[in-house]
Amino acid sequence: MQTNFAPEQLKDPDTRESNQILRTCVHCGMCTATCPTFLLLGDELDSPRGRIYLIKDMLESGRPATAEVVKHVDRCLSCLSCMTTCPSGVHYMHLVDHARRYIEETYDRPWHERLLRRVLSSILPYPARFRAAISGARLGRPLAGLMPGGHVLGRRLQAMLKLAPGALPPPSPMQAPQVHRAQGQRRGRVALLTGCAQQVLAPSINEATIRLLTRMGIEVVVTKEQGCCGALDHHMGQHDPAMRLARANIQAWSREIEGEGLDGIVINTSGCGTTVKDYGFMFREEPEAERAAKVSALAMDVSEALQKFAYAPVREAPGLTVAYHSACSLQHGQKITALPKQLLVKAGFAVKDPAEPHICCGSAGTYNLLQPEIAGQLRERKLSNLNRTGADLIAAGNIGCLTQLGGDALPVVHTVELLDWMAGGPEPAAIGQARRAKAA
């Protein structure tokens with residue numbers, strides 16, 4: 001693709017990077033075949049190729065973003081399926097992240113858009129606030145039907161209330177800053193990102209991760225002053241809040257790296273993992289560039305950590321079939337596809353892939369709150385494919401996907417909870433649900 005940025009524009013590192021990405025695109029259109037929004041809407045502007053044209057024109061012109069550009073960029077899930085498909089290696093993730101930041105800096109959104117995004121940015125990354133908000137949402141759920149569905153804000157509020165769980169587990173003391181000592185001889189030392197929304201919605205995921213790793217002889221450190229990875233703000237174009245959250249994590253983990261040392265930074269939410277692995281790029285022009293690069297190099301999905309430290313089950317095969325949902329951030333963002341399934345098979349489960357495994361479930365961070373109609377269609381499509389596998393339960397490696405796919409006939413569970421159970425940990429609640437359904 002030919003570009004025409006002025007020399008003055010190319011002094012900006014983000015524009016310079018976007019220029020190189022745009023020049024990589026050869027207009028082939030293969031990305032359209034695997035784009036969820038193009039699949040549903042059939043609009044070229046809602047495909048990666050179409051969005052690339054819109055972004056190119058917006059950035060080259062230097063003009064403020066238009067409502068048309070914003071509409072189509074906002075509809076992008078950042079599922080990154082296009083990056084897996086692209087034969088030319090177009091780094092669409094960095095391009096669309098730049099576009100979102102540019103939009104937020106140049107476009108005046110309607111008041112209700114600004115309000116909702118500010119609320120999400122102020123609540124979701126902070127566990128205490130998020131827990132309070134969920135408690136309030138539970139009280140408001142009976143009133144969801146009274147909200148005006150004819151206005152976009154009403155539909156989004158309905159989506160938020162629908163996603164709010166009926167009950168929350170109590171906070172887990174295992175997630176507090178501390179060192180979880182290895183059982184037996186210490187074979188390694190890792191830090192664990194406990195996350196933000198996940199530690200409120202499903203603390204059992206972090207508990208399973210800690211139990212499993214410590215039984216394997218791995219010391220697990222939950223560092224002080226770590227928090228949200230910054231992904232939620234980053235994907236809304238909120239650059240400064242995202243960098244502030246990421247910087248706190250870099251500082252917290254760097255103290256451990258430069259102190260007793262770390263063999264890895266384990267992340268059991270794949271959306272967070274994709275972002276932390278990108279810290280080196282995000283901070284390439286910042287004073288923390290070297291530290292950020294080290295953090296990114298040490299970041300690993302929990303499945304990678306289990307492979308590294310030789311996971312082994314101790315229980316007999318449970319006689320259950322798992323439909324494995326591959327989170328977009330894991331399969332497209334981190335290029336981890338076969339490993340979680342291999343671990344589940346090693347643990348004794350039969351594993352089935354649904355049809356269209358590359359298509360997003362519609363969660364995508366805050367997407368199911370900001371674009372509830374499209375997210376709802378993708379959810380139904382994904383659940384239909386998962387149910388057709390005939391499996392007993394669904395496993396996935398991302399809390400967003402688990403929340404999006406919950407509430408249907410098949411119970412959902414994080415992959416690491418199944419692996420922990422088969423290696424001596426407690427039985428996840430989803431197993432009992434699956435067995436009761438199987439016996440019925």
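Since the structure is predicted, the reported quantities are computational estimates derived from the model, not experimental observations.
- Using a 4.5 Å cut-off on side-chain heavy atoms (C-beta onward), P36 and L77 make contact.
- Note on E258 versus R291: salt bridge recorded, some NZ/NE/NH1/NH2 to OD/OE distance being below 4.0 Å.
- With I267 as the fixed residue, the side chain to side chain contact (heavy atoms under 4.5 Å, CB included) test singles out one of V276, V302, T194: V276.
- Few gaps surround NZ on K71; more than 12 heavy atoms of other groups in view lie less than 6.0 Å from it.
- At a cut-off of 3.5 Å, with distance as the only test, a side-chain donor of S204 or E417 sits close to an acceptor on the other residue.
- Between the side chains of D14 and H98, no donor-acceptor pair is found at a separation under 3.5 Å.
- Residues E225 and R255 are paired through a salt bridge, judged by an N-O separation under 4.0 Å between the basic side chain and the carboxylate.
- Residues R100 and E104 are not paired through a salt bridge, judged by the lack of any N-O separation under 4.0 Å between the basic side chain and the carboxylate.
- Counting heavy atoms from C-beta on, the side chains of S47 and T37 never come closer than 4.5 Å.
- Each of R244, K294, R247 was evaluated against E288; a single residue qualifies, R247, per the salt bridge (charged side-chain N to carboxylate O under 4.0 Å, His left out) test.
- Side-chain contact between I55 and I52 is absent, with no heavy atoms from C-beta onward closer than 4.5 Å.
- With respect to the salt-bridge test (charged N to carboxylate O, under 4.0 angstrom), the residues D43 and R75 do not qualify.
- A salt bridge links E304 with K277: the distance from a Lys NZ or Arg NE/NH1/NH2 to an Asp or Glu carboxylate oxygen falls below 4.0 Å.
- A donor and an acceptor atom, one from each side chain of S384 and R388, are located under 3.5 Å apart.
- When only modelled atom types and interatomic distance are considered, N368 and Q404 share a side-chain donor-acceptor pair under 3.5 Å.
- In terms of modelled atom types and a separation under 3.5 Å, the side chain of K352 and the main chain of G390 share no donor-acceptor contact.
- A donor-acceptor pair under 3.5 Å is absent between the side-chain atoms of Q226 and the main chain of A248, judged by distance alone.
- Residues R189 and E256 are paired through a salt bridge, judged by an N-O separation under 4.0 Å between the basic side chain and the carboxylate.
- At a threshold of 4.0 Å, the pair D408-R379 does not count as salt-bridged, since none of the basic side-chain nitrogens sits closer than that to a carboxylate oxygen.
- Rounding to the nearest 0.5 Å gives a distance of 7.5 Å between CE of M216 and CZ of F309.
- Between D74 and R51 there is no salt bridge, since no side-chain nitrogen of the basic residue lies less than 4.0 Å from a carboxylate oxygen of the acidic one.
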**Message:** Set out, in order, the CA-CA distance, both residues' side-chain angles and the distance that settles side chain to side chain donor-acceptor pair (under 3.5 Å) for S81 and H358, then state yes or no.
**Reply:** CA-CA 7 Å; S81 182; H358 59 286; 5.4 Å; no
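- Of the possible polar contacts, one joining the S172 side chain to the M174 backbone as a donor-acceptor pair under 3.5 Å is found.
- Residue L213 forms a side chain to side chain contact (heavy atoms under 4.5 Å, CB included) with just one option from D420, V416, L192, L306, and that option is L306.
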**Prompt:** Between H234 and D97, does a side chain to side chain donor-acceptor pair (under 3.5 Å) hold up when you go through it step by step?
**Reply:** CA-CA 7 Å; H234 187 58; D97 285 345; 3.1 Å; yes
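- Taking the six-membered ring where tryptophan is involved, the planes of H91 and H94 are essentially parallel, since the angle between them stays under 30° and well short of 60°.
- Q198 and T269 are linked by a side-chain donor-acceptor pair at a separation below 3.5 angstrom, with hydrogens and angles left out of the test.
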**Request:** Report the C-alpha distance between T274 and S329 in whole Å, list the side-chain angles of each, state the deciding distance to 0.1 Å, and finish with yes or no for side chain to side chain donor-acceptor pair (under 3.5 Å).
**Result:** CA-CA 6 Å; T274 302; S329 46; 4.5 Å; no
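- In this structure, the side chains of L330 and K335 stay at 4.5 Å or more apart for every pair of heavy atoms.
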**Item:** Step-by-step ring-ring contact (aromatic ring centres under 6.0 Å, His included) determination, H27 to Y53
**Value:** CA-CA 10 Å; H27 319 270; Y53 279 117; 5.7 Å; yes
Validation: residues 424-440 side-chain donor-acceptor distances under 3.5 Å, sequence neighbours left out:
residue: E427; atom: OE1; partner: R435; partner atom: NH1; Å: 3.1
residue: K438; atom: NZ; partner: G319; partner atom: O; Å: 2.9

**Request:** Please assess T415 against K341 for the test side chain to side chain donor-acceptor pair (under 3.5 Å), listing each intermediate value before the final yes or no.
**Result:** CA-CA 9 Å; T415 307; K341 291 182 286 186; over 6 Å; no
